[in-house]
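Just below is one structure, and these are the notes that go with it.
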Amino acid sequence: MRENGPVTSATRQPETPAAALPPRLIATDLDGTLLRDDKSVSERTVAALAAAEEAGIEVFFVTGRPARWMDVVSDHVHGHGLAICGNGAAVVDLHGGPGAHRFVKVRELARENALDAVRLLREAAPGTVFAVEQTYGFYQEPAYPKLHMEIPDNLAPAEQLLAPDAPGAGEPVLKILAFHHELDPDAFLTVARRAVGDRATITRSSPSALLEISGPGVSKASTLELCCAERGISPEEVVAFGDMPNDVEMLTWAATSYAMGNAHPAVIAAASGRTVANNEDGVAVVIEKILAERL
C-alpha cells in the first residue's frame, strides 16, 4: 500500500541487534522494504530469499497490499506459499499464481465497526473520503482519489458501500481506506485513532494522508503471531523488517527487527536494529549475514 518516497536518510551500515535464538522465520514488509522503489525484487534479494529457505528459515511476506497485488513476489514464496496481506487481515496461499490465490485465514472488519469508523472520522476530520477493500472486490467513494491504479468495482458513499444490501455484501471487508487532501499524515493518524478508539485498528503505510483501518486487534504483528504459533515458532526465533508505521507492532513483537535506512522515525524507534535502505538491498544484507554466521 505504500507509495515510495524518501522518509529519512539511509544509514550506510547495518546495525545488528543482540543475538536471540537462531532464526526460524524471516518476516518482511514489501514496499519500501524488500522491494526497490521501482517495485522490483533485485537479483541479490531473490538469491538471499532462496538461500534462507534452503537453510530451513521460512520467509513470510507481511504487507499492507491486497492479495491481487502480490504478483510481484508470487514467484518467491517457495515451499509454504503463504503471505500475510492487508496488514494482517488475510493469510493468502499464492501458489496458484496471480489471480488464483486462496484465502487461508480472514480476519475481517465487521461492517458495523467500519460504519462507526466512517461516521466518527467524518466528524473528526471533515473532508475525509473512503474506499472499501474486500476479499475480492475494491469499492470507493466518487471523491476518493485514484491512488491505486485500478478501476473500482463500484462508486458510492461509504455508507452505501458498507450497507447489508451493498454490492459484494457477501464478501468479508478486510479494511477500509481513509484519505484526506489537506491533513499531515501523522496528524491524521493521531486524530483518527483518538476518534475511533477500540472500534478498529488504524495505521498507515503511505507518505500521503492515507489511513488503513482494520478490525480490532488486527495487525501485521497479531496475524504473524498466529502463524508462528501454528508452527511452534517463538518471537525470539523471528527476524522482521519494515519501514512504515504499519510495521511498528511487528518490529516490536519480533525479538530481532530491522528498520530500513529509509524508515519512518517511529519504525526506527521500534526496531532493535537498522539496515541499509530498500534500494541498497537492506533485507538481503541482513539475511546474508545471518546465513554466514550459521556456517
Side-chain angles (χ1 to χ4, degrees), residues 1-3 31 63-71 85-90 92 98-99 101-103 105-185 187-219 246:
M1 293 301 303
R2 183 177 180 272
E3 303 161 10
D31 297 281
T63 178
R65 285 180 174 230
R68 64 184 180 278
W69 290 7
M70 295 299 288
D71 57 305
C85 298
N87 290 328
V92 183
H101 52 265
R102 179 174 64 89
F103 286 91
K105 186 189 303 289
V106 172
R107 305 181 67 196
E108 67 182 289
L109 170 62
R111 287 174 183 261
E112 55 267 34
N113 291 59
L115 285 166
D116 281 347
V118 168
R119 174 179 56 82
L120 293 166
L121 266 176
R122 290 205 197 279
E123 295 172 357
T128 301
V129 291
F130 297 92
V132 179
E133 184 76 63
Q134 296 183 213
T135 44
Y136 292 102
F138 178 76
Y139 310 87
Q140 69 178 60
E141 296 189 318
Y144 187 87
K146 294 180 179 180
L147 298 174
H148 311 298
M149 303 299 292
E150 60 186 320
I151 300 173
D153 296 297
N154 194 28
L155 292 172
E159 292 82 357
Q160 293 181 24
L161 297 174
L162 294 165
D165 58 349
E171 287 182 44
V173 174
L174 298 183
K175 62 181 178 179
I176 57 174
L177 303 166
F179 181 83
H180 203 285
H181 288 276
E182 298 175 0
L183 291 178
D184 170 81
F188 189 27
L189 180 59
T190 299
V191 167
R193 284 175 169 171
R194 185 180 299 124
V196 175
D198 61 3
R199 295 173 179 84
T201 299
I202 306 179
T203 189
R204 74 178 188 89
S205 60
S206 168
S208 64
L210 175 64
L211 305 183
E212 301 164 59
I213 304 173
S214 305
V218 175
S219 68
N246 63 331

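Nothing here was measured: the structure is a model prediction, and the numbers come from that model.
Counting only heavy atoms from C-beta outward, the side chains of L120 and E123 approach each other to under 4.5 Å. Side-chain contact check for Q134 versus V173: some heavy-atom pair is nearer than 4.5 Å. Taking 4.5 Å as the limit, every side-chain heavy atom of S214 sits out of range of all side-chain heavy atoms of T203. Side-chain contact check for P216 versus D198: every heavy-atom pair is 4.5 Å or farther apart. The shortest side-chain heavy-atom distance between V196 and I202 falls under the 4.5 Å cut-off. Looking at L109 and V218, their side chains never come closer than 4.5 Å, going by heavy atoms from C-beta outward.
Atom CG in L155 sits 8.5 Å away from atom CG in L161 (nearest 0.5 Å). To the nearest 0.5 Å, the span separating OH on Y139 from CD on E171 amounts to 5.0 Å. To the nearest 0.5 angstrom, H180 atom NE2 is 9.5 Å from L121 atom CG. The CD1 atom of I213 sits 11.0 Å away from the CZ atom of R193 when rounded to the nearest 0.5 Å. Interatomic distance, T201 OG1 to N246 CG, rounded to the nearest 0.5 Å: 12.0 Å. Interatomic distance, CG of N87 versus CZ of R204, reported as 12.5 Å (0.5 Å rounding).
Ring geometry for H101 against Y136 counts as parallel: the plane angle stays under 30°, on a 0 to 90° scale with 60° as the upper cut.
Judged purely by atom type and a 3.5 angstrom limit, D153 uses its side chain to pair as donor or acceptor with the backbone of F138. Looking at N113, its side chain does come within 3.5 Å of a backbone N or O of R199 through a donor-acceptor pair. Of the possible polar contacts, one joining the E212 side chain to the S205 backbone as a donor-acceptor pair under 3.5 Å is found.
P157 and P142 get closest at one heavy-atom pair: N-CD, 4.4 Å. Closest approach of P185 and P207 over heavy atoms only: CG-O, 3.1 Å. When all heavy atoms of L183 and A125 are compared, the closest pair comes out as CD1-CB, 4.0 Å. Nearest approach of F179 to Y144, heavy atoms of both residues: CB-CE1, 4.0 Å. T63 and R65 get closest at one heavy-atom pair: OG1-N, 3.0 Å. Nearest approach of T128 to A178, heavy atoms of both residues: CG2-CB, 3.8 Å.
Applying the side-chain hydrogen bond (donor to acceptor under 3.5 Å, both in side chains) criterion to R107, with sequence neighbours excluded, gives S222, T223. Residues satisfying the side-chain hydrogen bond (donor to acceptor under 3.5 Å, both in side chains) criterion with Q160, sequence neighbours excluded, are absent altogether. Residues passing the side-chain hydrogen bond (donor to acceptor under 3.5 Å, both in side chains) test with E141 are R122, sequence neighbours excluded.
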